[in-house]
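The structure appears right after this line, and notes come after that.
Scope of the values below: all heavy atoms of this structure, side chains included, with no hydrogens, waters or symmetry mates. A quick note: this is a predicted structure, and the numbers were derived from the prediction, not measured.
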Amino acid sequence: MNFKCIKELSGALTESFLGATAINNVEILPELCPPNMTGDITVNCFRLARDLRSKPDVIAEKAIAFLEGHEDVLSVERVKAFVNLSLTSKALYTETLADTDELLKDAVLDDADKVKTLIEYSAPNTNKPLHLGHLRNNTLGMALVSLLRRVGNDVTAVNLVNDRGVHICKSMLAYKLFGDGTTPEKAGKKGDHLVGDFYVKFDEELRKQIKELKENNSDFAEKSDEELFAKTEIGAAAQETLIKWESNDPETIELWKTMNSWVLKGFDETYERMGIKFDKVYLESDTYKLGKDIVLKGLKDGIFKKRDDGAIFADLKKYKLNEKVLLRPDSTSVYITQDIGTTLLKYNDFHPEKQIWVVGDEQIHHFKTLFSIMKELGYNWADNLYHLAYGMVNLPSGKMKSREGTVVDADNLFDEMVELAKQATLERCNGEIPENIDNRSEIIGLGALKFMLLKFNPKTTIMFDPQASIRFEGDTGPYVQYVCARINSIQRKAEDQFGKDVCEGNIDWELLDTKWERKLAILSAFYKNTLLASAEKLDCSGLVAFLINLAKAFNSFYRECSVLNAETVELRKARLALSASVRAILKDGLNTLTINIPEAM
RNA sequence: GUCCCGGUAGCUCAGAGGAUAGAGCAUCUGACUUCUAAUCAGAGGGUCGAAGGUUCGAAUCCUUCCCGGGAUACCA
């Protein structure tokens, strides 16, 4: 929502500087007026100078002249080419919190700007449970899906599960060797954790065998672990398992199915806890052969080339990329071959205008290569493929490494957050245990975690300090949730004291004239642009910051202005309505970030 | 070597070429007989990695350099 006087100013300035024939009015996005200046919002005429083809000062003068006479404007002040204006209470509230339904409904893209989008995220391997790194992926992915839908796009969310390959065979082999017929039920463990244990077990055994090789054979002493993999008994067996899998060996397939079902069941629990739903889940075991035909056809069409040894490759010089092998000399696929296939598969399944991959930034080069190849293949939609590359999550002790046991397990982290939320809740309820304490703690704990992960710009590498990151105070999810809980509480008490119809009838918004009340209205005016800018940048961190600021402004208001003990009935009604409107925006924002709100805290 | 991403307060991070560079945490001072203190009000804390350049104006754009991370596979 943009204020009427700003829209009219835009028209007036456009006509004045560009003439009546200008096709579109110059867009004016006002800024929040800084605290040391007098005014509600600021029109920055420096920024308008280029579009209006005039000097900032001249534009500012013109803007002042127009705004001074405007009925919605209380006062204007010019500092250099900044035009600071205060709005009348009537204009301020009418166009913001007095009609929050409209404000929220209006916060969508124009139809022409809506894009049918397909987002792939999560993409787990079925050999170990999810850890904090996956959590960042999942949180970014689900929030992005939610945000793009919120502003009106048609979005399809898909997952591509990496359920085959030598890493899966490692877990399978370790299970065969050391599993002793255990199951998740027998072990009392989630399936993904159980399988992950065998993956670790495989690695332990592998390292032991590599060490023995090096000790017993001086030829091997200088070799890398990777070179020695196939020389170890267990490494060779893992490769053999993969060959058996690929040739459909019944026993191998049976074990693979069993263990994968354990893992997937475990993932489903984790997804459900986070609130993740995919429109479609692709399994790599179904899709890994795709792509080969496309490459062979590309060779026939002269798009790809064949090397003397038989390998087929793409020449990507014109994209400033190296040659990329697409089929090995033995004509087997490589990683990118599958991706060519699944990209096309996803396109054919959903016909999106844009495809987004939420994948870590170590794969930037891979996606550049993939997108270039899709362009070479001549798909006209290949210009709208986008890799949302997010940074790693590091610990104070350094990188997370499964092998060294330094990963932060996702399920354990959830439990820890929820338990801390529960303790914090219990501490403040004077021995009286709320009936829905578990549900409440779940919402607070997960909200804190998601909010923390979304606070950062996706491309930054996050430092996750368990001590510092698990917090419920300061700019955290619970801080915003708490404001909603406070408003709920006020609402309940108001109804108890003054009856259910406490907020009915006309609201006189102009009674809300303190700086704390006005601040809430001013901030709320920026909600639409915040959402749209976040969606455009594919980055929720701006929305997170907005919610913190609005929540902060409410807490200040809460201290300074009593709702239930307001001086008059009319004022009380107006403040109740104000609070309800703020809550509606906070709820809309948190829900867009896929964060829930507890009834009370 | 080449390419990509970072470097802003003690720490973690925000900062559409625009006003005196901000927030949270930590430290310090104050506020619960009060609509929920998971809160609020305030203080201290900065050579925006360095040096040049462009501009009326640079943390932001350009160049060079330094530091950290990643990529540069016929691994996934």
Quick one: which of [options] gets closest to the side chain of [X]?
X      : options             : answer
A:R486 : B:U39, B:A14, B:A76 : B:U39
A:Y479 : B:C5, B:U36, B:U39  : B:U39
A:N125 : B:A73, B:C3, B:A76  : B:A76
A:H365 : B:A71, B:A16, B:A41 : B:A71
A:N322 : B:A19, B:A41, B:A73 : B:A73

Practice problem: Assign the ring pair A:F371 / A:W357 to parallel, tilted or perpendicular, where the plane angle (0 to 90°) is split at 30° and 60°. | Solution: tilted

Note, RNA chain B 5' to 3' with Watson-Crick or G-U pairs under 3.5 Å encoded as ( ), [ ], | and . gives (((((((..((((....[...)))).(((((.......))))).....(((((..]....))))))))))))....

So what does [X] touch, heavy atoms closer than 4.0 Å: a base, only the sugar-phosphate, or nothing?
X      : result
A:M601 : base
A:T461 : sugar-phosphate
A:N84  : base
A:N549 : nothing
A:I487 : nothing
A:F456 : sugar-phosphate

Measuring only the [atom1] atom in each nucleotide, how far is [N] from [M]? A whole number of Å is fine.
N     : M     : atom1 : value
B:A59 : B:G22 : P     : 13 Å
B:G10 : B:A71 : P     : 31 Å
B:A9  : B:U47 : P     : 8 Å

Contact between [X] and [Y] at the side-chain level, heavy atoms closer than 4.5 Å - yes or no?
X      : Y      : answer
A:L85  : A:I41  : yes
A:Y121 : A:L140 : no
A:D361 : A:K459 : no

Can the positive tip of A:R136 be found less than 6.0 Å from the middle of the six-membered ring of A:Y390, inside 45° of the ring normal?
no

Looking at A:F498, is A:R572 sitting on its ring face, NZ or CZ under 6.0 Å from the six-membered ring centre and within 45 degrees of the normal? yes

Quiz item: Taking the six-membered ring for Trp, does A:F82 stack with B:A19 (centroid gap under 5.5 Å, planes within less than 30°)?
Solution: yes

For A:L283, is there any backbone N or O sitting under 3.5 Å from a side-chain donor or acceptor partner on A:D163?
no

| said: Please check: side-chain N/O of A:S10 versus main-chain N/O of A:I6, any donor-acceptor pairing under 3.5 Å? | reply: no

Regarding B:A19, can its base be found pairing with the side chain of A:T42 as donor and acceptor, where the two atoms are less than 3.5 Å apart?
yes

Atom CZ of A:R559 and atom C1' of B:U34 are separated, to the nearest Å, by 8 Å

Quick tally for nucleotides 20-26 of chain B: nucleotides whose base has a protein heavy atom under 4.0 Å get B, sugar-phosphate-only ones S, the rest -, giving B--SSS-

Whichever of A:M392 and A:L29 has the more 5' nearest nucleotide on RNA chain B, that residue is A:L29

Taking for A:V325 and for A:P458 the nucleotide of RNA chain B with the nearest heavy atom, the one nearer the 5' end belongs to A:P458

Would you call A:R207-A:D203 a salt bridge at under 4.0 Å N-O?
yes

Sorted by chain and number, sequence neighbours left out, side-chain contact (heavy atoms from CB on, under 4.5 Å) with A:S372 holds for A:L316, A:Y319, A:L321

